[in-house]
Number of protein chains: 2
Amino acid sequence: MVQRGRRTTRVSGDERQDAILVTAEALLAERGFDDISIEDLARGAGISRPTFYFYFASKDEVLLALLDRVITEVEHRVGGLPRDFESDPAGAWTRSIGIFVEVFVAHRGVATAAIAARARNDEVRVLWSKSMQSWADFSTEVIRSEQARGAAPGGIDAHDLAVSLNLMNERVITAVLNKESPAIAESRALDVLSTIWIRSIYGSVNPGRA
Amino acid sequence: MVQRGRRTTRVSGDERQDAILVTAEALLAERGFDDISIEDLARGAGISRPTFYFYFASKDEVLLALLDRVITEVEHRVGGLPRDFESDPAGAWTRSIGIFVEVFVAHRGVATAAIAARARNDEVRVLWSKSMQSWADFSTEVIRSEQARGAAPGGIDAHDLAVSLNLMNERVITAVLNKESPAIAESRALDVLSTIWIRSIYGSVNPGRA
DNA sequence: CCCATTTCTCGACACCGTGTTGACTATGTC
DNA sequence: GACATAGTCAACACGGTGTCGAGAAATGGG
């Protein structure tokens, strides 16, 4: 959990902190991070610009707090999933990927701002890569065990494959969220991504069920 | 070709324009776009800051010009490739992807700055997506004809697949360039990417040769 | 060769967003 | 009621962007 800015946590004024976060997420839903000034956030929260600095050290810290929430939500939801890769590989992968799609769609402003901010801000980069790392590690483990039990062929390092597929998901999802062109239809995203995962992990169109 | 800033193109002073571009590419190799000021570019080119504006309307225009060159280089080199997908699918795909890897590695500063600038700048976004579009269209065509001749299975729309794989390449290559974690080793990138392309296009580890 | 036109240059200025400082006001507490 | 601590903001300093207008330097026609 990221905790900064507030000197201590006592009574009210927490509402202010929260108002800033709420304002930020709302504004991020309608315009880019760079087009939102600290003045905007302060006004939205009903305070003056200098007062903003009482709660957050910078605009980036606000984004960091929002990103932290989103990542926590993904982790929580992925953690609650059954791990039935042996009995239903295609379904299991699809459900995991589906969580990412859903959560990022629900917080598209935060997701795209955070991904852009990575290039500029160390803390954002570290937080994001920590999560990517843990998702990639999880995928690596599963792929490795699928390879070990003979369900998936070797010929490619499990970690390289896991990292690449996770990066693909990140990029494809952001392309969808930003309605970039080229991108794919939001409604087909989950299906397309899982197909690519399954084909490249199992080396076949239809992985056998065990 | 992007042509802006200069009122006409006559004699010298072109060297100035070029000096700015050279300075920009050099500085981009050592620090991020945001950490380079117009003052820096002007000084590097031996002119004053206001004079910079005689040649370029903004820092972004400089980046746009650099990006234009890089894209042209990729197009030129990809265009010169043999299109032997029927006789050697794996090799043909690998050679195409290899061009991207090579060119982006050679211009890593420009590539990463441009990809980051997309979020902020319309012209950069349009230029980049035009290229992505054309690369995706090319891949789509090839996939479609591989599906038509029975070498690749259906079950996924050729365009969706092509777009996703191209986006994966973009993301994996930038992760490698920025030495992000997680990322994959630069030396294995080409191999990993082509393996994923081939497995997900052909639905098998080893596409038959025709 | 000289003058007019166009290219090129830059000092000085206006602007905007960030982050800081220091003084001020509430609020609860012994 | 005095005293800490949370909370607030006007005013300032700073740095980067972009503009303006006055000139210097090159170019070409007469």
Side-chain angles (χ1 to χ4, degrees), chain A residues 3-24 27-28 30-66 113 116-117 119-124, chain B residues 3-24 27-28 30-66 113 116-117 119-124:
Chain A
Q3 174 67 298
R4 65 196 72 241
R6 297 296 311 287
R7 307 211 203 291
T8 66
T9 304
R10 191 71 68 84
V11 263
S12 111
D14 266 349
E15 294 139 28
R16 250 71 215 263
Q17 174 130 345
D18 223 59
I20 294 173
L21 291 173
V22 169
T23 303
L27 291 181
L28 278 174
E30 58 186 45
R31 46 193 156 117
F33 188 74
D34 292 342
D35 293 336
I36 298 171
S37 70
I38 289 177
E39 179 73 44
D40 294 331
L41 296 180
R43 190 168 14 206
I47 55 180
S48 74
R49 199 172 58 79
T51 299
F52 167 91
Y53 288 97
F54 182 80
Y55 296 101
F56 292 96
S58 69
K59 223 170 46 166
D60 282 356
E61 296 288 325
V62 176
L63 181 58
L64 199 63
L66 290 174
R120 183 185 66 237
N121 183 292
D122 276 348
E123 291 180 293
V124 172
Chain B
Q3 174 69 295
R4 64 195 71 240
R6 296 297 309 286
R7 305 209 203 294
T8 66
T9 302
R10 193 67 71 84
V11 262
S12 113
D14 266 348
E15 294 139 26
R16 254 57 218 268
Q17 175 129 347
D18 223 60
I20 293 173
L21 291 172
V22 168
T23 303
L27 291 181
L28 278 174
E30 59 185 47
R31 45 190 157 118
F33 188 72
D34 291 342
D35 293 336
I36 298 170
S37 70
I38 289 176
E39 179 74 45
D40 293 333
L41 296 180
R43 190 169 13 204
I47 55 180
S48 73
R49 199 173 58 79
T51 299
F52 167 91
Y53 288 97
F54 182 80
Y55 295 101
F56 292 96
S58 69
K59 223 169 50 166
D60 282 355
E61 296 288 325
V62 176
L63 181 58
L64 199 64
L66 290 174
R120 186 184 64 238
N121 183 292
D122 276 348
E123 292 180 294
V124 172

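Below, chains carry the letters A, B, ... as their sequence lines are ordered, and counting in each starts from 1. Just so you know, these numbers come straight off a predicted model, no measurement behind them.
The interatomic distance linking A/Arg43 (CZ) with D/dC9 (C1') rounds to 15 Å, in whole Å. Atom P of nucleotide D/dT17 and atom CZ of B/Arg120 are separated by 11 Å, given to the nearest angstrom.
For D/dG7, neither phosphate oxygen OP1 nor OP2 lies less than 4.0 angstrom from any side-chain nitrogen or oxygen of A/Thr51. Contact between the side-chain N/O atoms of A/Ser48 and the OP1/OP2 oxygens of D/dC9 is found at a separation under 4.0 Å. Distances shown here put every side-chain N or O of B/Tyr53 at or beyond 4.0 Å from the OP1 or OP2 atom of D/dC20.
At a cut-off of 3.5 angstrom, counting only N and O atoms as typed in the model, there is a donor on one side and an acceptor on the other between the side-chain of A/Arg49 and the base of C/dG19.
When distances are taken from the side chain of B/Phe54 to each of D/dT19, D/dG7, C/dT7, the shortest belongs to C/dT7. The side chain of B/Ser58 lies closest to D/dG18 when the candidates are D/dC9, C/dC10, D/dG18. Of the candidates C/dT18, D/dG7, D/dT17, the closest approach to any side-chain atom of B/Ile38 belongs to D/dT17. Among the nucleotides C/dC8, D/dG18, C/dG17, the one closest to the side chain of A/Ser37 is C/dG17. Distances from the side chain of B/Pro50 to the nucleotides D/dC9, D/dC20, C/dT9 place D/dC20 closest. Nearest to the side-chain atoms of A/Lys59 among the listed nucleotides C/dT18, C/dA12, C/dC10 stands C/dT18.
Contact check on A/Arg31 versus A/Asp40 returns a salt bridge, with a Lys/Arg side-chain nitrogen under 4.0 Å from an Asp/Glu carboxylate oxygen.
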